[in-house]
Structure formats: C-alpha cells, structure tokens
Amino acid sequence: MLIRKGTDIKSSDITDEPCYLRRREFIQLATGAMIGALAAGTAEAQTPLPNIAKHTVTTDEKVNSFQEITSYNNYYEFGIGKNDPQRYAGKLTTSPWTVKIDGACAKPADYHLEDLIKPFELEERIYRHRCVEAWSMVIPWVGIPLASVVKRAEPTSKATFVEFTTVLRPKEMPGLASGGLNWPYTEGLRMDEAMHPLTLLAVGLYGNTLMNQNGAPIRLVIPWKYGFKGAKSIVRIRFVEKMPRTSWVEQNPDWYGFYSNVNPNVSPVRWDQSREKRLPGLFATRKTLMFNGYADQVQSMYAGMDLKRYY
Ligand code: MTE
C-alpha cells in the first residue's frame with residue numbers, strides 16, 4: 001500500500017520546509033477560522049487553513065518547497081511562461097466565489113465556496129505531481145475528496161462523466177489574448193475516477209489557502225494523471241452522459257487523450273514519458289512510474305482497457 005496515515009509520520013521526516021513547520025504551530029493556535037479563511041483567500045494574502053482533520057503521505061520523496069511549487073506553473077490564462085502565473089495571477093479575484101453544480105443530478109445548486117466545503121473535513125494529502133512535459137514535484141495539498149461533493153449532488157444513472165469548467169475573466173487574465181486553447185478551460189473525468197478516494201478538490205497548499213497560480217480558490221488534483229487534468233479555479237461541475245470534449249483534447253487529440261493516465265510506456269506527445277525531471281533538478285533522470293506510483297490503487301478501474309489506445 002502506498003497510502004499510509006500521515007499521523008504516523010512526523011512532518012519533520014518528510015520536509016525541511018520552514019513554512020511548513022511554522023504552519024503546524026499556527027494550526028495549534030488558530031481557532032475555527034476555516035470558513036473565513038476560504039472567503040478571504042487571495043494570492044497576496046494566503047490564509048491559514050486550521051482544522052485539517054487528516055494527513056496522508058503517499059510518498060517518502062522529499063516535498064518540494066513552497067517557492068518551487070508556486071513559481072513554476074502552467075496556467076495559460078496568465079501566459080505560457082512557467083513564471084507568468086506567479087507574475088500575473090495576483091489579478092484574479094477569488095472572493096466571493098461560486099461553484100455551479102448541475103447536469104444529471106437530483107440536487108443541482110450554486111454554492112458559495114464556503115458552503116461547498118463546510119460540511120466536509122479538510123485533509124492534507126502529500127502527492128506526486130507529474131506534468132506531461134516530463135517534470136514532477138511532490139506537493140502537500142489541502143482539500144476534500146471530490147467524492148463527497150459528488151455524492152451530495154446525488155447524480156442520476158445518466159451521469160457517466162463529470163465535466164469541470166474553470167473561470168474565464170478576460171479583464172483579469174492577460175494570457176487569454178495570446179490564444180492557444182479553446183477557453184474556458186474544461187476538463188473531465190469518468191464517474192468512477194471522480195469518485196476515487198485519491199481524487200481531491202484542493203483548496204490549499206502547505207496548510208494555507210491556494211496561491212492563485214496554483215488554482216485558487218479551488219482546483220482538481222488527480223495524482224495518477226498528468227497535471228493538465230487538474231483544472232484550476234473551477235466554477236462549474238456538471239454531470240453528463242457523454243465523454244466531455246476537454247480543452248486539451250480539442251487542441252490536439254493526437255497529443256492529449258481524455259484519460260491521460262501517467263504511463264511510462266506510452267508517449268503520444270512530444271515529450272518522452274518514460275522519465276521525468278524532478279524539480280528543481282535540470283535533467284530527466286528519474287524513471288516515471290506507472291500511474292505515477294498509484295497503480296495498486298487505481299489500475300483496476302482500467303482493467304481490460306488498451307491503454308495505448310485510450311491514453
Ligand atoms: N487549469 C486552468 N484553468 N488553466 C491551465 O492552463 N494548466 C494545467 C492544469 N490546470 C491549466 C489548468 C496544466 S497543463 C498543468 S501541468 C497543471 O494545471 C499545473 O498545475 P501546477 O501549476 O499547480 O503545477
């Protein structure tokens with residue numbers, strides 16, 4: 001089993017990040033401010049997320065530093081350079097924030113972010129994060145299982161896939177002008193993938209609310225898939241019958257598949273997927289693991305599927 005209860009492991013064993021240790025002290029002092037914290041979250045003023053109920057560590061590898069995780073990003077609405085999101089995403093207003101849940105479900109609703117999260121316990125999950133561009137990191141996310149939100153919506157038998165739409169604000173997003181993708185950025189998961197316990201709706205990083213460049217105020221994290229499946233700044237979650245057309249598949253279906261499971265044996269895009277560069281390193285010296293190291297937990301969902309065809 002890759003997943004171990006984080007409570008068995010001291011944070012000092014897994015990271016030497018000083019912010020992280022300070023954050024632990026902060027949590028002990030803070031009292032029930034989670035809701036306010038989410039409401040106030042902006043890139044400039046990251047707010048602590050107290051009351052994190054559970055800590056799960058899925059790898060013994062060193063956790064990347066806050067600086068590494070927040071300065072090398074893909075968020076094309078803010079530009080194509082890896083540092084553009086850090087430079088420009090501060091413009092995005094993340095409060096108030098509403099997420100629409102609709103489509104094939106019994107309980108569609110528009111939720112204020114705080115109400116979307118409130119009934120569920122926040123969890124920290126330390127996950128490997130593997131980009132299709134063959135770089136990787138280890139990231140301490142904070143969030144809630146997507147499954148909790150899905151169950152509450154009571155999807156009908158027609159709900160076979162879940163589509164995610166992210167925010168589109170031309171006035172706040174300078175990268176939109178340079179084109180590239182069919183905006184708004186959309187992603188999708190099959191229902192069993194959405195319900196999988198590893199799939200997280202992240203609202204935090206290193207114990208605080210997310211930085212805008214990482215997808216504030218709420219994003220997807222699916223650790224066995226390439227990073228682009230992790231839609232940032234989600235505004236709509238829709239249950240649908242047919243496989244959604246996602247932004248990347250529309251852009252280039254030969255390069256990007258709907259499933260996009262990390263697979264060292266299939267390299268349909270221009271980057272060799274058999275190896276990866278662990279940031280801040282410079283070279284792709286690390287072997288990529290099947291399903292990014294989460295095979296024992298997810299491979300049964302793909303039993304009998306030709307993963308070369310359905311990449
Ligand atoms: N979400 C939106 N809205 N826009 C984007 O451009 N980029 C994706 C994904 N989510 C993207 C997005 C890609 S290509 C990757 S690799 C991951 O976000 C990067 O997440 P990170 O910057 O937190 O590492």
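We count ligands from 1, going down the list as the structure has it; atoms in each ligand are counted the same way. Computed from heavy atoms alone, side chains included, the values below leave out hydrogens, waters and symmetry copies.
- Glu187 and Ser247 form no side-chain donor-acceptor contact under 3.5 Å, judged by distance and modelled atom types alone.
- Residues meeting the ring pair (Phe, Tyr, Trp, His ring centres under 6.0 Å) test with Trp271, sequence neighbours left out: none.
- Under the salt bridge (Lys or Arg N to Asp or Glu O under 4.0 Å) criterion, Glu241 pairs with no residue, sequence neighbours left out.
- Partners of Tyr259 by ring pair (Phe, Tyr, Trp, His ring centres under 6.0 Å), not counting sequence neighbours: none found.
- Aromatic ring pairs are classed by plane angle as parallel below 30°, tilted from 30° to 60° and perpendicular above 60°; the pair Tyr302 and Phe291 is parallel.
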Pairs of nitrogen or oxygen atoms, one from ligand 1 and one from the protein, closer than 3.5 Å: please tabulate them with distances.
{"residue": "ligand 1", "atom": "1 (N)", "partner": "Lys232", "partner atom": "N", "Å": "3.1"}
{"residue": "ligand 1", "atom": "3 (N)", "partner": "Glu77", "partner atom": "OE2", "Å": "3.0"}
{"residue": "ligand 1", "atom": "3 (N)", "partner": "Thr166", "partner atom": "OG1", "Å": "3.2"}
{"residue": "ligand 1", "atom": "3 (N)", "partner": "Lys232", "partner atom": "O", "Å": "3.4"}
{"residue": "ligand 1", "atom": "4 (N)", "partner": "Glu77", "partner atom": "OE1", "Å": "2.8"}
{"residue": "ligand 1", "atom": "4 (N)", "partner": "Glu77", "partner atom": "OE2", "Å": "3.4"}
{"residue": "ligand 1", "atom": "6 (O)", "partner": "Tyr76", "partner atom": "N", "Å": "2.7"}
{"residue": "ligand 1", "atom": "6 (O)", "partner": "Glu77", "partner atom": "OE1", "Å": "3.4"}
{"residue": "ligand 1", "atom": "7 (N)", "partner": "Asn74", "partner atom": "O", "Å": "3.3"}
{"residue": "ligand 1", "atom": "10 (N)", "partner": "Gly230", "partner atom": "O", "Å": "2.9"}
{"residue": "ligand 1", "atom": "20 (O)", "partner": "Arg219", "partner atom": "NH2", "Å": "3.4"}
{"residue": "ligand 1", "atom": "20 (O)", "partner": "Lys232", "partner atom": "NZ", "Å": "3.4"}
{"residue": "ligand 1", "atom": "22 (O)", "partner": "Asn73", "partner atom": "ND2", "Å": "2.8"}
{"residue": "ligand 1", "atom": "22 (O)", "partner": "Asn74", "partner atom": "N", "Å": "3.3"}
{"residue": "ligand 1", "atom": "22 (O)", "partner": "Lys232", "partner atom": "NZ", "Å": "2.7"}
{"residue": "ligand 1", "atom": "23 (O)", "partner": "Asn214", "partner atom": "ND2", "Å": "3.2"}
{"residue": "ligand 1", "atom": "23 (O)", "partner": "Arg219", "partner atom": "NH1", "Å": "2.7"}
{"residue": "ligand 1", "atom": "24 (O)", "partner": "His129", "partner atom": "NE2", "Å": "2.7"}

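- In the model, Glu276 has a side-chain atom that pairs as donor or acceptor with a side-chain atom of Ser136 under 3.5 Å.
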